[in-house]
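Structure first, commentary second.
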Amino acid sequence: MRALEQLLARFPGNVALSFQLAAQQLDAGLTRRAKDTLQALAPFITDYAQRARLLAMEAACLEREGLLSHALERRQTAARLVPGADAFFAVARTQEALRRYDAAARSVHEGMRHLPEGARAEAQAWVARLEGAERERVDSRRKALSEDPREAELEYLLRGPGVDGEARDAR
């Protein structure tokens, strides 16, 4: 790592060296230094592939810091810049960590579009597991709301207007 830092000091605009150094810093658990390296790299990014890689590495830093919502934003942007199975699966992993199982299943489906037919079995099993987890989450929430009238009232108050935009008591 020290050799890469010395090389980067001599060639500050070398994108490949910066990515390699940031990856090694992340692997070593030096999240702050990796973020600094990536921030210094930003002005030298020239194409969408590099920008997507930068965003993916920033997302990895944010995940290590526990900032999953910010990491999800970075991963989604990277997937839009350079669509591919790995990019969408990374989005799905972050959404799953946030317990957004329905969105994670949609991201896995999107990633499966970029896979050949024969390589989709593992992703299909992942989707089935995510959809099952979402059903379980929704069912447990419905059960909790039906058993506790105060919680149902709180849910009503927090949601505000219905999906169609009109107040629920106006129906």
Side-chain angles (χ1 to χ4, degrees), residues 22-23 25-36 38-39 42 48-49 51-171:
Q25 289 169 333
L26 266 175
D27 291 341
L30 304 171
T31 307
R32 183 72 222 153
R33 285 177 60 188
K35 284 177 77 170
D36 291 342
L38 293 171
Q39 189 175 17
Y48 285 148
R51 175 73 57 199
R53 187 172 178 195
L54 174 72
L55 290 167
M57 292 187 82
E58 285 178 353
C61 291
L62 291 167
E63 284 175 350
R64 293 231 176 136
E65 293 174 343
L67 302 170
L68 296 177
S69 293
H70 294 289
L72 177 60
E73 292 171 3
R74 299 285 195 305
R75 292 210 183 276
Q76 287 173 327
T77 303
R80 282 190 298 270
L81 286 174
V82 182
D86 291 336
F88 285 107
F89 292 160
V91 169
R93 281 190 297 276
T94 306
Q95 289 169 327
E96 186 176 12
L98 287 166
R99 293 188 174 93
R100 297 179 185 168
Y101 302 117
D102 55 338
R106 285 191 302 272
S107 295
V108 173
H109 277 295
E110 188 66 34
M112 285 187 340
R113 291 185 195 175
H114 300 279
L115 290 176
E117 288 292 328
R120 295 182 181 181
E122 189 176 326
Q124 289 169 340
W126 187 11
V127 166
R129 186 176 53 78
L130 289 169
E131 289 172 347
E134 179 64 13
R135 275 190 300 278
E136 184 179 312
R137 186 191 67 78
V138 168
D139 290 344
S140 68
R141 184 71 185 143
R142 280 188 188 141
K143 183 179 178 186
L145 290 174
S146 67
E147 291 175 354
D148 187 1
R150 289 186 197 148
E151 192 156 339
E153 183 179 0
L154 180 63
E155 178 86 9
Y156 169 78
L157 293 172
L158 289 176
R159 283 209 177 165
V163 175
D164 57 0
E166 80 178 350
R168 293 179 188 204
D169 59 349
R171 291 184 188 148

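- Counting heavy-atom neighbours within 6.0 Å of Gln39 CD, excluding the residue itself, gives a total of 12 or less.
- Side-chain atoms of Arg75 never come within 3.5 Å of backbone atoms of Ala59 as a donor-acceptor pair (strictly under, hydrogens ignored).
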Side chain to side chain contact (heavy atoms under 4.5 Å, CB included) between Leu55 and Glu58, worked out: CA-CA 5 Å; Leu55 290 167; Glu58 285 178 353; 3.7 Å; yes
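- Residues that satisfy the ring-ring contact (aromatic ring centres under 6.0 Å, His included) test with Tyr101, not counting sequence neighbours, are absent from this structure.
- Taking all atoms of both residues into account, the shortest heavy-atom contact from Ala123 to Leu115 is CB-CD1, 4.5 Å.
- Residues passing the side-chain hydrogen bond (donor to acceptor under 3.5 Å, both in side chains) test with Arg32 are Asp36, sequence neighbours excluded.
- Nearest heavy atom pair, residue Ala105 against residue Val127, reads O-CG2, 4.1 Å.
- Annotation: Arg142, atom CZ; neighbour count of heavy atoms from other residues, nucleotides and ligands within 6.0 Å does not exceed 12.
- In plain terms, the two heavy atoms of Ala42 and Arg51 that are nearest each other are O-NH2, 4.1 Å.
- Considering only heavy atoms from C-beta on, Val108 comes within 4.5 Å of Phe89 through its side chain.
- Each salt bridge (charged side-chain N to carboxylate O under 4.0 Å, His left out) pair with one or both residues in residues 78-96, not counting sequence neighbours, appears once here: Glu96-Arg129.
- Counting non-hydrogen atoms of other residues, nucleotides and ligands closer than 6.0 Å to CD of Gln124 gives a total above 12.
- Just one of Arg33, Arg74, Lys35, Gln25 meets the side chain to side chain contact (heavy atoms under 4.5 Å, CB included) condition when paired with Cys61; it is Lys35.
- For the pair Leu130 and Gln95, the minimum side-chain heavy-atom distance is 4.5 Å or more.
- When all heavy atoms of Phe88 and Ser107 are compared, the pair lying nearest together is CB-O, 3.5 Å.
- For Ala78 against Ala56, the heavy-atom pair with the smallest separation is CB-N, 4.4 Å.
- The two residues Ala85 and Gly111 make their nearest non-hydrogen contact at CB-O, 3.5 Å.
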Candidate pair Arg100 and Leu72, rule side chain to side chain contact (heavy atoms under 4.5 Å, CB included), full reasoning: CA-CA 11 Å; Arg100 297 179 185 168; Leu72 177 60; 3.1 Å; yes
